[in-house]
There are 2 protein chains.
Amino acid sequence: MSDATVTLSAASAPAPTFSPLYQQIKGLITGCLEAGEWKPGDMIPSEIELAARYKVSQGTVRKAIDELASENLLVRRQGKGTFVATHIEARTQFRFLRLTPIEGEPRYPESVILECRRARAPAEIARLLDLKSGESTVLIRRLLSRGGVPFVLDEIWLPSAIFKGLTAERLTNSRVPLYSLFESEFGTKMIRADEKVRAVLADVATAQVLKVERGAPLLSVDRVAYTYAERPVEVRRGLYSTRDHFYKNELS
Amino acid sequence: MSDATVTLSAASAPAPTFSPLYQQIKGLITGCLEAGEWKPGDMIPSEIELAARYKVSQGTVRKAIDELASENLLVRRQGKGTFVATHIEARTQFRFLRLTPIEGEPRYPESVILECRRARAPAEIARLLDLKSGESTVLIRRLLSRGGVPFVLDEIWLPSAIFKGLTAERLTNSRVPLYSLFESEFGTKMIRADEKVRAVLADVATAQVLKVERGAPLLSVDRVAYTYAERPVEVRRGLYSTRDHFYKNELS
DNA sequence: CAGTGGTCTAGACCACTCT
DNA sequence: GAGTGGTCTAGACCACTGC
């Protein structure tokens, strides 16, 4: 579809919108992604076909796809095709989990769901999620461990409207990362996230769960995660014990 | 023209390794950067000239420069030219300072040099800096404040061999960020850095300097910074008070 | 083998900056 | 106007994948 609009400006005049052709193509592709027309894991049409469809040269499509690939929305595989990025791939597993063991391999942690229930969004959460205050959210409390040793206590808020039918049971029985589940079961793909990290002291309850002393130092990590179109769909408040792990970051 | 073999014209420039032409060009450009042939702030030769010099098409040079620009080694400016990236520009100021005030603008902090002396590298520091244990380093201790309120206590190790003549006085009289000074005065440009963040408790001495309670929670940030060719040239251990600031990170 | 993305070229024109 | 990077095209061939 959508061949008529952009094509006019293709040949000579930059008529309708005033942006490079490849940016417009990029927008059209992003539109297909947002609309769920191409789902995570799907192969998208080949460069040649997209070029024909949009009536531009292959090079222009290529430049659009290049940028989307560098933004981790698409994945190119030589000889196979270009695919919608997915959290199921091992490569993307650790993009959102910055805690690395001080010693040993960064295996994926064990997860225990402590709680999963509906809750009205507190004002702050509602604001971050772009909801009306008091609107229904799913609240998940979770404990992550490595080799039986707990190290992360999480509180996760999700808009109920998107995550209908999410229960502790489905979370517990799933052995895949949360974001993989969100993607496959609820059609919501996390694209990027902002985190704010602080140092705090463990209160009594937290200390008990994480098996540290009361007053032990913890990382407090506030995350807002976004799906397509910069739409916020998750707020997460994590308390990380950094006795055996550190929060890894690359500045570049 | 576009005939027989791309590989032949690649062969005219020696092609001992089997990699795409533009990667080889990228390597040649990087070589000029590492050799200090083009210094930070300099304009590098135009695409057309580089294409002529290396006997490739402009498009190939362009692709090489595109990648270097995306790695923040070069900066393109339409109509002007392509320049070697520098820490003096405002845009790069905050790439390496992830602490953001909870309220207010992220102004650049005030800096007080507490100490600057020669010291033999402890084994751990030597290992990180790729030095022999006991080799001479410059040790800087520094306090950063915002509006008179201290919030970062830093220890910085640098190889003496590179930072000859670095004194507390030169640091104190300089009103530019450290990395700008390193670049302009010592010809060493920081390219990227790895950080490991943990939560710790303030000891007595630290608490006094940072004006927090003893046992207050602090971020401990261990940084190794690299210049060209992944050569480590700085180790930094920072203690951050997150009462008024947070460590900001974007996952993407 | 056909189909995909990856590289390379050559040349056109546009947008921006400086003089 | 001259010189720079930015966009776009058309066509060639290479490298990889899977049938």
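Everything numeric here is computed off the predicted structure, so don't read it as measured data. Every chain is numbered from 1 and lettered A, B, ... according to where its sequence line falls, protein lines coming before strand lines.
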Visitor: For nucleotides 16-19 of chain C, print each protein N/O atom paired with a nucleotide N/O atom at under 3.5 Å, atom names and distance only.
Guide:
| from | atom 1 | to | atom 2 | distance (Å) |
| --- | --- | --- | --- | --- |
| dC16(C) | O4' | Q78(B) | OE1 | 3.3 |

Visitor: Take a 6.0 Å sphere around CD of E169(A) and say whether it holds more than 12 heavy atoms from other residues, nucleotides or ligands.
Guide: no
Visitor: Heavy atoms within less than 4.0 Å of DNA chain D: which residues of residues 60-73 of chain A have one? Give them sorted by number.
Guide: T60(A), K63(A)
Visitor: Once side-chain contact (heavy atoms from CB on, under 4.5 Å) is applied, do any residues pair with T172(B), and if so which ones, sequence neighbours excluded?
Guide: I113(B)
Visitor: Between C1' on dC8(C) and CG on L50(B), what's the gap in Å once rounded to a whole number?
Guide: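 Going from CG in L50(B) over to C1' in dC8(C) covers 17 Å.
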Visitor: Suppose we screen for ring pair (Phe, Tyr, Trp, His ring centres under 6.0 Å). Which residues come up paired with Y247(B), at least two apart in sequence or across chains?
Guide: none
Visitor: Figure out the NZ/C1' separation between K26(A) and dG6(D), and round it to whole Å.
Guide: 15 Å
Visitor: Please say whether the positively charged group of R231(A), taken as NZ for Lys or CZ for Arg, lies over the ring of Y226(A), i.e. under 6.0 angstrom from the six-membered ring centre and within 45 degrees of the axis.
Guide: no
Visitor: Just N and O in the side chain of S57(B): are any of them under 4.0 Å from OP1 or OP2 of dA10(C)?
Guide: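 Looking at the OP1 and OP2 atoms of dA10(C), neither is under 4.0 Å from any side-chain N or O of S57(B).
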Visitor: Between S46(B) and dG3(D), does any side-chain N or O lie under 4.0 Å from OP1 or OP2?
Guide: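 So the side-chain polar atoms of S46(B) never come under 4.0 Å of the phosphate oxygens OP1 or OP2 of dG3(D).
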Visitor: Do the non-hydrogen side-chain atoms of K248(B) and H245(B) ever get within less than 4.5 Å of each other?
Guide: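 In short, these two side chains do not touch, never coming nearer than 4.5 Å.
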Visitor: Please figure out whether P20(A) or P45(B) has its closest DNA chain D nucleotide nearer the 5' end.
Guide: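 So the residue in question is P45(B).
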Visitor: Rounded to whole Å, please give me the gap between CD1 in I48(A) and P in dA2(C).
Guide: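 After rounding, the reported distance stands at 14 Å.
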Visitor: Figure out the CD/C1' separation between Q58(A) and dT9(C), and round it to whole Å.
Guide: 14 Å
Visitor: Please report the distance, rounded to the nearest Å, between NZ in K55(B) and P in dC8(C).
Guide: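 Taking NZ of K55(B) and P of dC8(C), I get 17 Å after rounding.
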Visitor: Should the pair R146(B) and F151(B) be classed as cation-pi, given the thresholds of under 6.0 Å to the six-membered ring centre and 45° from the axis?
Guide: no
Visitor: Can you give me every donor-acceptor pair (side chain of residues 36-43 of chain B, partner residue at least two apart or in another chain, under 3.5 Å) with its distance?
Guide:
| from | atom 1 | to | atom 2 | distance (Å) |
| --- | --- | --- | --- | --- |
| K39(B) | NZ | G36(B) | O | 2.8 |
| D42(B) | OD2 | K39(B) | N | 2.9 |

Visitor: Whole Å only: how far is the CG atom of L21(A) from the P atom of dT7(D)?
Guide: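 Roughly 11 Å, once rounded to whole Å.
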Visitor: Y22(A) has an atom OH; how far is it from atom P of dC14(C), in whole Å?
Guide: 18 Å
Visitor: Check each of V112(B), L181(B), I156(B) against L171(B) using the side chain to side chain contact (heavy atoms under 4.5 Å, CB included) test, and report the only one that passes.
Guide: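 Exactly one option meets the side chain to side chain contact (heavy atoms under 4.5 Å, CB included) with L171(B), and it is L181(B).
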Visitor: Looking at residues at least two apart in the chain, or sitting in another chain, which of them share a ring pair (Phe, Tyr, Trp, His ring centres under 6.0 Å) with F186(A)?
Guide: F163(A)
Visitor: Send over the distance from Q24(A) CD to dG6(D) C1', rounded to a whole Å.
Guide: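 Nearest whole value for this atom pair: 15 Å.
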